[in-house]
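Written below as structure tokens is the structure these notes are about.
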Amino acid sequence: MRRLHWLLITIWLSTTSPGCTQSADPLTAFANGEYRQAVTLWSPRAVQGDTQAQAYLGIHYYLGLGVEQNYRQALKWLTAAAEAGHDSAQRSLGIMYANGHGVEQNFVTAYQWYYAAYRQGNKHAKKFLDALASEWKLSPNQMRLARTQAEQYVVTSVNPKFDS
């Protein structure tokens, strides 16, 4: 489980980049492991609708970084960001559904979120899609339905070639 947490942190950091280097910057605080400070800085932004803040706050709650682990709060913030089109939040929400963390395990919903992230160019989402397909977790019709449902959450399509 700890290995999954560190993998998620590594993936998250590799798909986002700090915008400024001031100590009051939540990205810098997160990158430096100052998780409580990052949560303090992200929280008001998330409440105001900043999707990046919502996504990061969701990760903080999902992994218990600077806050007590709380899947309900993780789901709240990741869903808000994912529905607004934040690709890393979509991928993270897919992980929650695939693993049944704080939600009922649902491979169709997981596939939907992975696919939305993938369509927006999230380079890590494809391996999750492939894993669900190769492990026969879904029928071809279920995958087609999930891809159709995912389209409503794709805000910036990079039109990757889909071959699964």
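In this chain, residues are counted from 1 in sequence order.
- Formation of a donor-acceptor pair under 3.5 Å by the Q37 side chain with backbone atoms of E34 is not found in this model.
- When each of F107, Y111, Y114 is tested with F128 by the rule ring pair (Phe, Tyr, Trp, His ring centres under 6.0 Å), just one qualifies, namely Y114.
- From D87, atom CG reaches atom NZ of K123 across 11.0 Å, with rounding to the nearest 0.5 Å.
- The line from CD of Q52 to NE2 of H86 is 5.5 Å long, rounded to the nearest 0.5 Å.
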Please determine whether salt bridge (Lys or Arg N to Asp or Glu O under 4.0 Å) holds for the pair K126 and D130, giving the CA-CA distance in whole Å, both sets of side-chain angles, and the decisive distance to 0.1 Å.
CA-CA 6 Å; K126 180 73 164 110; D130 290 345; 2.7 Å; yes
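- In this structure, W77 has its ring center no closer than 6.0 Å to that of Y56.
- Side chains of E83 and Q90: a donor-acceptor N/O pair is absent below 3.5 angstrom, by distance only.
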Report the C-alpha distance between W42 and F30 in whole Å, list the side-chain angles of each, state the deciding distance to 0.1 Å, and finish with yes or no for ring-ring contact (aromatic ring centres under 6.0 Å, His included).
CA-CA 10 Å; W42 285 129; F30 185 86; 7.8 Å; no
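- Looking only at distances, no side-chain donor or acceptor of D50 sits under 3.5 Å from a matching main-chain atom of A46.
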Evaluate the criterion side-chain contact (heavy atoms from CB on, under 4.5 Å) for residue pair W113 and T109; output intermediate values, then yes/no.
CA-CA 6 Å; W113 289 117; T109 303; 3.7 Å; yes
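- What you find for Q120 and V155 is that their closest heavy atoms are OE1-N, 2.8 Å.
- Residues A53 and R45 come closest through the heavy atom pair CB-CB, 3.5 Å.
- Contact detail for S92 and I59: the closest heavy-atom pair is OG-CD1, 3.4 Å.
- Hydrophobic clustering of Ile, Leu, Val, Met, Phe, Trp and Tyr side chains at less than 4.5 Å, counting indirect connections, unites L27 with V67.
- You'll find the side chain of Y62 reaches within 4.5 Å of the side chain of I95, heavy atoms only.
- Contact check for V39 versus L57: side-chain heavy atoms found under the 4.5 Å cut-off.
- Across every non-hydrogen atom of Y71 and M96, the tightest pair is O-CE, 3.7 Å.
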Decide side-chain contact (heavy atoms from CB on, under 4.5 Å) for V108 and L138; before the verdict, give the C-alpha distance in whole Å, the side-chain angles of both, and the deciding distance to 0.1 Å.
CA-CA 7 Å; V108 174; L138 301 169; 3.5 Å; yes
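- The two residues P26 and A38 come nearest to each other via the heavy atoms O-CB, 3.8 Å.
- Judged by distance alone, the side chain of N122 and the main-chain N or O of Y118 form no donor-acceptor pair under 3.5 Å.
- Counting heavy atoms from C-beta outward, R119 and E151 have side chains that approach closer than 4.5 Å.
- For the pair Q69 (side chain) and Y61 (backbone), a donor-acceptor distance under 3.5 Å is absent.
- Minimum interatomic distance between R91 and H124 (heavy atoms only, all atoms of both residues): CD-CB, 3.9 Å.
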Begin with the C-alpha distance, continue with both residues' side-chain angles, and end with the deciding distance and a verdict on side-chain contact (heavy atoms from CB on, under 4.5 Å) for Q112 and Y97.
CA-CA 10 Å; Q112 168 192 313; Y97 279 98; over 6 Å; no
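- Not a single donor-acceptor pair under 3.5 Å links the side chain of T79 to the backbone N or O of K76.
- Defined by atom type and a distance below 3.5 Å, a donor-acceptor pair is missing between the side-chain atoms of H60 and Y35.
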For side-chain contact (heavy atoms from CB on, under 4.5 Å), just list the numbers for N141 and R144, CA-CA rounded to whole Å, side-chain angles, deciding distance to a tenth of an Å, and then say yes or no.
CA-CA 5 Å; N141 284 339; R144 191 173 12 263; 2.5 Å; yes
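- Results of the side-chain contact (heavy atoms from CB on, under 4.5 Å) test with Y115 over V154, L129, L132, T148 single out L129 as the only residue that passes.
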